[in-house]
Structure formats: structure tokens, C-alpha cells
Amino acid sequence: MDHEGALTPRQEDIERILLSKADIASIVCRMGEELTKDYRDSNPLFIAILRGAVVFFADIIRAVQCPLQIDFMAVSSYGSAAKSSGVVRILKDLNTPIEGRDIVIVEDILDTGITLNYLIKNLESRGPRSIEIAAFLVKDVPGQRSAVLPRYVGAHVPDAFVVGYGLDYDERYRNLPYLGVLKPEVYS
Ligand code: 5GP
């Protein structure tokens, strides 16, 4: 792995780097090819789940080589705690009607899947033609089965709290160009 991107001011809070800039670029390229193949003729609506997915979203939509539209939703998630609350609220809804549309939900990381499960049920009630998930990361937690299954997955990560490439802890670290494991002493 290429870890050049590690030289930033907050490097001391990162326990180890899981995905370098180069790793991320090749993941985005591969997912872009998969999505291009599947959505070539359907003018899909790509929905970014704010705020964690925005960095991945900006990259993935440029890696898809077919017409698409974009919109944004915000749901409540962890806040400043490093643990799922199970409480999901829509903070910002779509501007676009989705009836009859092919939808691709772009998410930063799937952990329990509670957030997306709720969101998908909500979106299904609006009559889209299809809904699929493109998750940059899936967290592998022993004994846990995610409530939803993403069709497109960037990488699997171990059961640790990860930051960077859009993912935050307490609104920090989103601008790290790589994905790393946060030192537990930072949030404990
Ligand atoms: P789920 O509902 O799947 O348990 O949680 C999904 C959301 O929790 C993600 O969109 C993300 O906002 C947050 N999350 C889960 N695991 C992590 C993690 O390791 N790091 C960060 N920064 N956020 C996480």
C-alpha cells in the first residue's frame, strides 16, 4: 500500500492507515466501471447521504461514464459519539421526485445498516423503479448482519472506528485524503 497521504497535521490521532489515496482511487475506478455497465441507459438519480458520503460521492459520480442526476439527503446518525444510536431522522429531503426512477444511494460506510434500512423503506414508498446501494465501506462486525445488502461495495473494513475521506469524528478528519483507524484514546 502507498501511504504518502499520511503526512498531515492530524496524523498523530490515526492508529493506522487502512486505505491510501492510491487504494481509494483504484476502488473508485472499479466501482465506476460497475455502475457504468449497469446504468448505461437509465439516467439514474445518485443520492448522496450527507455529510460523510460527499467526498466519495464527488469521486464516484465522475467515475461513472453515463448520464446521471444527483440529489442529496441528510439523516441523523452518530452525532459526536462513536457508536450507533439507532435513532434515524430525515434532516434534509430530496428536491427531486423519484417515481419511476432508478436510484443509487451513495453511502460512506455501512455498519448496522439501520440508517439505510430506514431510508430505503421511506424512498420505496415514493414509487421508484429500483433502489440500489453503493457503499464505499462495509464494516465487518463479528456476529452482526447488516440490515441491508449493498450491490456495490468499495472495501470491507474491520470493526474499528474509521475516519478520513469524508468520514468524521465530531466533525473532524473529514478532509484526510486517506482512510484510517482513529486511536481509541481520541474518543474514549
Ligand atoms: P449504521 O446505521 O449502518 O449502523 O451506521 C451508518 C452510519 O454511521 C454511517 O453513515 C456513518 O455516518 C456512521 N458510522 C458507522 N461506522 C463509522 C465509523 O467507523 N466511522 C465513522 N466516522 N462513522 C461511522
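Only this structure's heavy atoms are used, side chains among them; waters, hydrogens and symmetry mates stay out. Whatever order the structure lists them in is the order used to number ligands and atoms, beginning at 1. Residue numbers run from 1 in the order of the sequence given.
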*Hey, does Gly52 sit under 4.0 Å from ligand 1 if you only count heavy atoms?*
no
*Anything under 30° is parallel, anything over 60° is perpendicular, the rest tilted; go ahead and classify Phe46 against Tyr39.*
perpendicular
*For Thr115, is at least one N or O under 3.5 Å away from an N or O on ligand 1?*
yes
*Nitrogen or oxygen of Val162 less than 3.5 angstrom from that of ligand 1*: yes
*Partners of Lys183 by side chain to side chain contact (heavy atoms under 4.5 Å, CB included), sequence neighbours excluded?*
Glu15, Glu185, Val186
*Considering residues at least two apart in sequence or located in another chain, which fulfil the salt bridge (charged side-chain N to carboxylate O under 4.0 Å, His left out) criterion with Arg62?*
Asp59
*asked:* Heavy atoms only: which of Val157, Thr112, Ile109, Leu110 lies closest to atom 6 (C) of ligand 1?
replied: Ile109
*asked:* Does the residue Tyr169 have a heavy-atom contact with ligand 1, meaning some pair of atoms that are separated by less than 4.0 Å?
replied: no
*Polar contact flag for Leu167 and ligand 1 (N/O pairs, less than 3.5 Å)*: no
*Salt-bridge present (Glu34, Arg151; N to O < 4.0 Å)*: no
*Report the part of Asp108 in contact with ligand 1, treating N, CA, C, O as backbone and CB onward as side chain, heavy atoms under 4.0 Å; options are side chain, backbone, both, neither.*
side chain
*Among Arg172, Lys139, Gln144, Arg174, which residue places a heavy atom closest to atom 19 (O) of ligand 1?*
Lys139
*Give the atoms of ligand 1, by number and element, whose distance to some non-hydrogen atom of Glu107 is under 4.0 Å.*
10 (O)
*Name the orientation class of the two ring planes belonging to Phe136 and Tyr165 (parallel below 30°, tilted from 30 to 60°, perpendicular beyond 60°).*
tilted
_Pairing of Arg101 and Asp71 as salt bridge, 4.0 angstrom limit_ = no
*Could you list which atoms of ligand 1 come closer than 4.0 Å to a heavy atom of Asp168?*
21 (C), 22 (N)
*Does Ile98 reach the side chain of Ile131, with side-chain heavy atoms less than 4.5 Å apart?*
no
*asked:* Does Arg51, at its CZ atom, have more than 12 non-hydrogen atoms belonging to other residues, nucleotides or ligands within less than 6.0 Å?
replied: no
_Using a 4.0 Å heavy-atom cut-off, which part of Ala160 comes near ligand 1: side chain, backbone, both, or neither?_
backbone
